[in-house]
Structures are given as C-alpha cells and as structure tokens.
Protein chains: 2
Amino acid sequence: MKRKTYSCGLEAALDVVGGKWKVLILWALHDERRRFGDLRRTVSGISEKMLIQNLKEMEADGIVIRHDFREIPPRVEYALTSFGISLSAALSPLCEWGQLHMARIGAVKEEEEEARGRIEA
Amino acid sequence: MKRKTYSCGLEAALDVVGGKWKVLILWALHDERRRFGDLRRTVSGISEKMLIQNLKEMEADGIVIRHDFREIPPRVEYALTSFGISLSAALSPLCEWGQLHMARIGAVKEEEEEARGRIEA
DNA sequence: CTTTTCACTTACAAAAAGGTAGGTACTTGT
DNA sequence: ACAAGTACCTACCTTTTTGTAAGTGAAAAG
C-alpha cells in the first residue's frame with residue numbers, strides 16, 4: 001500500500017473536487033438537498049451517467065449523503081454532509097473570484113477557441 | 001462567436017485553473033518567481049511538455065508573465081501577475097481546507113484505489 | 001570538435017474523462 | 001394491455017488530457 005501524499009493542500013482538495021462536474025454538483029447542493037432528477041435538471045448539460053458517477057465518488061469521499069426513501073417509483077435525495085459544507089465554504093472565495101472576473105475569463109477563453117479554430121481550419 | 005457563459009463563479013475559476021497541474025504551478029510561483037528548470041524540479045512529477053503547455057495557457061489567461069532574458073544558454077523566468085496573485089489568494093482557503101483534511105482525503109483515496117485494484121485483478 | 005546547458009518543440013502513444021443509447025424494475029394512470 | 005415516470009446500470013465509442021522519447025539551436029567549456 002503506497003501512502004498517498006500531497007505536496008500542498010490544493011492538490012488534496014482537487015483530488016476530491018476536480019473534474020468538470022463536481023463543483024457544479026456541489027454548488028447545486030450547497031443551499032438545498034435535491035432529488036436525482038432535480039439535480040439532473042439543475043446541473044445543465046450533465047448526462048445521467050456522469051451525474052451518478054460523480055455522486056458516487058462524492059459519497060465515497062464523504063461530501064454528500066444519499067437518502068433513499070425506498071418508495072416506488074424510486075425517490076432518492078442527495079445532500080451535503082458537514083464535510084461537504086466545509087468544502088463549499090472553502091470554495092466560496094474562489095467562487096467569488098470567478099464571479100468577479102467571469103467576463104474577463106470568458107473573453108480570453110473565447111479568443112483561445114477562435115485561435116484554435118483558425119489553426120485547425 | 002458563441003458567448004461563453006458560466007453558471008457560477010466556480011465554473012469560471014475552474015476554466016482557468018482546472019486540470020492536474022495548474023494549481024501546483026500556481027502554488028510554486030505564489031511566493032517567488034522561478035526559472036523554467038526550477039519549476040520543473042519544484043513541481044514534482046511534471047513533464048516538460050505539460051509544464052510549458054500549462055505555462056502558455058496560464059500566460060494567455062493572464063495569470064503568469066514570462067520574462068525572457070534573451071541570453072544563451074536561454075534564461076526565462078515566470079512570475080504571477082497581479083491577476084494571478086488575486087487568484088492564489090482566492091485559492092488559499094481551499095488550500096487550507098485541503099491541508100486540514102489531507103489525511104482523511106488521502107486515506108479515502110487509497111481505499112478507492114485498492115478497491116479498484118481488487119476489481120481489475 | 002565534441003559535449004554540456006537550457007528552454008523549448010514535435011510526433012506519437014497511452015490513459016482518463018466524457019458522451020450515447022439502450023435496458024432494468026416496479027407501480028400508477030389510461 | 002400499455003405507456004409513463006423514477007433512479008439507476010451497462011456496453012460501447014469519442015474526445016480530451018497526459019505522458020514519453022526524441023530532437024533543435026546557440027554558445028561556451030573541455
């Protein structure tokens with residue numbers, strides 16, 4: 001068994017919340033618990049596969065809890081654990097930063113995409 | 001030209017600092033400017049290709065500046081811009097969170113890896 | 001004249017992430 | 001009898017990301 005080590009806290013945090021969807025799922029849950037289908041509609045663009053896959057990982061990482069009501073038709077709710085809540089708190093300055101510079105970032109990324117388009121064409 | 005929009009600040013931030021290496025590079029630069037080779041040694045495990053690739057993107061995103069001394073043998077230094085510094089500031093709570101829960105995260109991720117090993121074997 | 005240093009570049013290969021389309025079980029409503 | 005809704009699962013495929021290994025140029029050191 002290799003000891004998993006991180007060179008800084010960011011690396012550890014990214015290990016839990018990296019990838020394209022997890023922060024968005026976290027965000028969707030940061031103020032209210034939601035059912036699977038509700039999440040699917042809220043996190044726009046996500047596929048069912050990605051949603052469950054990420055939810056499972058997040059559950060394994062202890063940042064969300066799954067509550068199965070064992071009803072038929074099925075009803076399952078997802079919520080943040082206290083660990084997940086602490087994570088979303090740690091993420092909020094980054095969120096604010098992103099919000100503040102959203103226009104700038106979006107503009108730069110558009111340029112980059114256009115540039116790539118020019119090269120590939 | 002499609003307007004690039006983000007559903008929350010986190011999405012925008014991740015667009016700039018996503019991926020496996022960028023936060024680590026940012027971290028390596030957050031307290032001092034460094035030469036290419038220095039970065040290569042500091043960010044352990046990164047390949048030259050990934051390092052330049054990420055540095056270029058970060059430069060295009062305005063979070064690092066490249067200073068070429070135009071000497072031979074070549075000498076190039078990288079440093080954070082003020083934008084980059086603001087980003088690293090926004091990242092520091094997440095860094096602290098990661099540091100605080102590093103042991104827990106590492107343990108869970110080890111378990112997950114072992115579990116995957118069991119299945120694949 | 002060969003080797004070394006440094007900051008890259010390029011071609012190629014491997015791995016990880018993400019997407020699509022279908023299916024399951026079970027009940028309620030028509 | 002049949003379609004609809006719910007929360008999934010599975011196999012397969014494409015795209016994106018990451019890694020590896022080699023090469024470049026230009027001067028200076030041996």
Side-chain angles (χ1 to χ4, degrees), chain A residues 4 7 11 14-25 28-29 33-61 64-79 109 112-113 115-117 119-120, chain B residues 4 7 11 14-25 28-29 33-61 64-79 109 112-113 115-117 119-120:
Chain A
K4 186 145 198 173
S7 57
E11 203 184 349
L14 260 279
D15 213 1
V16 158
V17 87
K20 190 174 175 182
W21 300 111
K22 286 185 183 171
V23 279
L24 301 179
I25 296 172
L29 289 173
R33 51 180 51 235
R34 286 177 190 272
R35 296 184 60 173
F36 180 85
D38 189 7
L39 275 173
R40 183 166 138 61
R41 282 180 291 273
T42 303
V43 182
S44 63
I46 198 170
S47 66
E48 291 191 342
K49 178 192 161 188
M50 280 298 113
L51 183 52
I52 337 170
Q53 190 175 300
N54 282 304
L55 282 171
K56 278 185 179 170
E57 289 174 22
M58 292 164 87
E59 201 194 351
D61 292 343
V64 304
I65 353 162
R66 188 184 108 109
H67 183 39
D68 188 343
F69 288 84
R70 306 189 158 284
E71 292 172 5
I72 282 170
R75 179 170 165 219
V76 180
E77 279 188 358
Y78 291 89
K109 290 293 171 183
E112 285 172 20
E113 274 175 39
R116 266 201 303 276
I119 292 164
E120 283 157 26
Chain B
K4 186 145 195 171
S7 57
E11 201 183 351
L14 260 277
D15 212 1
V16 158
V17 87
K20 189 175 176 179
W21 299 110
K22 286 184 184 171
V23 279
L24 301 179
I25 297 172
L29 290 172
R33 52 179 50 237
R34 286 177 190 274
R35 296 184 60 172
F36 180 84
D38 189 8
L39 274 173
R40 182 167 140 59
R41 282 180 292 272
T42 304
V43 181
S44 63
I46 198 170
S47 66
E48 291 190 341
K49 179 192 161 190
M50 280 296 114
L51 182 54
I52 339 166
Q53 190 175 300
N54 282 305
L55 282 171
K56 277 184 180 171
E57 288 173 22
M58 292 165 86
E59 201 193 351
D61 292 343
V64 305
I65 353 161
R66 188 183 107 110
H67 183 39
D68 188 342
F69 288 84
R70 305 188 158 285
E71 293 172 5
I72 282 169
R75 177 168 168 221
V76 179
E77 281 189 356
Y78 291 89
K109 291 293 170 184
E112 286 172 19
E113 274 176 37
R116 265 201 303 275
I119 291 164
E120 282 158 25

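Just so we're clear, the structure is a prediction, and the values are computed from it rather than from any experiment. All heavy atoms count here, side chains included; hydrogens, waters and symmetry mates do not.
For B:Ser7, the side-chain hydrogen bond (donor to acceptor under 3.5 Å, both in side chains) criterion is met by B:Glu11, not counting sequence neighbours. Every residue was checked against the side-chain hydrogen bond (donor to acceptor under 3.5 Å, both in side chains) condition with A:Glu59, not counting sequence neighbours, and none meets it. Among residues two or more places apart in sequence or in another chain, the side chain to side chain contact (heavy atoms under 4.5 Å, CB included) test is passed with B:Ile52 by B:Phe36, B:Lys56. Contacts of B:Arg33 classified as side chain to side chain contact (heavy atoms under 4.5 Å, CB included), with partners at least two apart in sequence or in another chain: B:Glu77, B:Ala79. Under the side-chain hydrogen bond (donor to acceptor under 3.5 Å, both in side chains) criterion, A:Arg34 pairs with A:Glu32, A:Asp38, A:Thr42, not counting sequence neighbours. Under the rule for a side-chain hydrogen bond (donor to acceptor under 3.5 Å, both in side chains), the partners of A:Asp61 that lie at least two apart in sequence or sit in another chain are B:Lys109. Residues forming a side chain to side chain contact (heavy atoms under 4.5 Å, CB included) with B:Lys20 (at least two apart in sequence, or on another chain): none.
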Item to check | Test side-chain contact (heavy atoms from CB on, under 4.5 Å) applied to B:Ile25 and B:Val64, step by step | outcome: CA-CA 10 Å; B:Ile25 297 172; B:Val64 305; 5.6 Å; no
For nucleotides 15-25 of chain C, list the nitrogen or oxygen atoms of the protein found under 3.5 Å from its nitrogen or oxygen atoms, one pair per line.
residue	atom	partner	partner atom	Å
C:dG18	OP1	A:Lys20	N	3.0
C:dG19	OP2	A:Trp21	NE1	3.4
C:dG19	N7	A:Lys49	NZ	2.9
C:dG19	O6	A:Lys49	NZ	2.1

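Annotation: the terminal axes of the helix from C:dC1-D:dG30 to C:dT30-D:dA1 meet at 20°, where each axis is the rotation carrying the C1' atoms of four end pairs onto the next four (5 pairs per end, rounded to 10°).
The phosphate of D:dT6 (OP1 or OP2) has no side-chain N or O of A:Arg35 nearer than 4.0 angstrom. Contact annotation: B:Arg75 does not reach the phosphate of C:dA7 (side-chain N/O to OP1 or OP2, under 4.0 Å). Contact annotation: B:Arg66 reaches the phosphate of C:dC8 (side-chain N/O to OP1 or OP2, under 4.0 Å).
The separation between B:Ile72 atom CD1 and D:dA29 atom P is 14 Å, rounded to whole Å. The distance from atom CG of B:Leu55 to atom C1' of C:dC8 is 11 Å, rounded to the nearest whole Å. The OH atom of B:Tyr78 sits 15 Å away from the P atom of C:dC6 (whole-angstrom rounding). Note: NZ (A:Lys56) to C1' (D:dA7) measures 11 Å, nearest angstrom. In this structure, B:Phe36 atom CZ and C:dT5 atom P are separated by 16 Å, rounded to whole Å. Taking atom CG of residue B:Leu14 and atom P of nucleotide D:dT17, one finds them 13 Å apart after rounding to whole Å. Look at CZ on B:Arg40: it is 15 Å from C1' on D:dT18, rounded to the nearest Å. Regarding A:Ile52, its CD1 atom lies at a distance of 15 Å from the P atom of D:dT6, rounded to whole Å.
Contacts of A:Phe69 with the nucleic acid, taken as non-hydrogen atoms under 4.0 Å apart, are absent.
Scanning all heavy atoms of the two residues, the minimum distance from B:Leu29 to B:Tyr78 falls at CD2-O, 3.3 Å.
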